[in-house]
**Student:** 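Take a look at the following structure, please.
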Amino acid sequence: SYKVVSFDMQVSGKGITETLQATGNRITTEMRKRIDAMEDGNVIQIINIRYQMGEDTFIIKQPLRVSVITDKINKF
């Protein structure tokens, strides 16, 4: 089994990109606020996912990318 140690979330929209960091496997309150405020055309990327397997720590380089293509999105 493995354990997520940390990850970053990039939020992009209106020409601005911000990166938020989380420790552990859960999104932060600020991340939740940014997700809830997403608008049409915004993009979220989960990047630099660090996980531990045994004594070793690994980083997943490929981002998980989510794009909003409608302004009707579900909120958390």
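Any value given below was found using the heavy atoms of this structure, including those in side chains, with hydrogens, waters and symmetry copies removed.
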**Student:** Side chains of F7 and M31, heavy atoms from C-beta outward: is any pair under 4.5 Å?
**Tutor:** yes
**Student:** Could you give all pairs that pass the salt bridge (charged side-chain N to carboxylate O under 4.0 Å, His left out) test and reach residues 48-68, with sequence neighbours left out?
**Tutor:** none
**Student:** Any side-chain heavy-atom pair from D8 and L20 closer than 4.5 angstrom?
**Tutor:** no
**Student:** So do R34 and E18 actually touch side chain to side chain, heavy atoms under 4.5 Å?
**Tutor:** yes
**Student:** Could you tell me if the side chain of I35 sits less than 4.5 Å from the side chain of M9, heavy atoms only?
**Tutor:** yes
**Student:** Under the rule for salt bridge (Lys or Arg N to Asp or Glu O under 4.0 Å), what residues qualify as partners of K14, not counting sequence neighbours?
**Tutor:** E39
**Student:** Could you measure the distance from the CD atom of Q45 to the OG atom of S67? Nearest 0.5 Å is fine.
**Tutor:** 8.0 Å
**Student:** OH of Y2: more than 12 outside heavy atoms within 6.0 angstrom?
**Tutor:** no
**Student:** Are any non-hydrogen side-chain atoms of I47 and L64 less than 4.5 angstrom apart?
**Tutor:** no
**Student:** Tell me whether M53 is reachable from I60 by hopping between hydrophobic residues (I, L, V, M, F, W, Y) whose side-chain heavy atoms are closer than 4.5 Å.
**Tutor:** yes
**Student:** Taking only residues two or more places apart in sequence or in another chain, which ones pass side-chain contact (heavy atoms from CB on, under 4.5 Å) with T23?
**Tutor:** none
**Student:** Are V5 and F58 connected in the hydrophobic side-chain network, where two residues link if heavy atoms are under 4.5 Å apart?
**Tutor:** no
**Student:** Testing the basics here: between N42 and G13, what is the closest heavy-atom pair and its distance to 0.1 Å?
**Tutor:** ND2-CA, 3.2 Å
**Student:** Looking at M38 and V43, what are the two nearest heavy atoms and their distance?
**Tutor:** CE-N, 4.3 Å
**Student:** Going from CG on N25 to CD1 on I49, what distance comes out if it is rounded to the nearest 0.5 angstrom?
**Tutor:** 11.5 Å
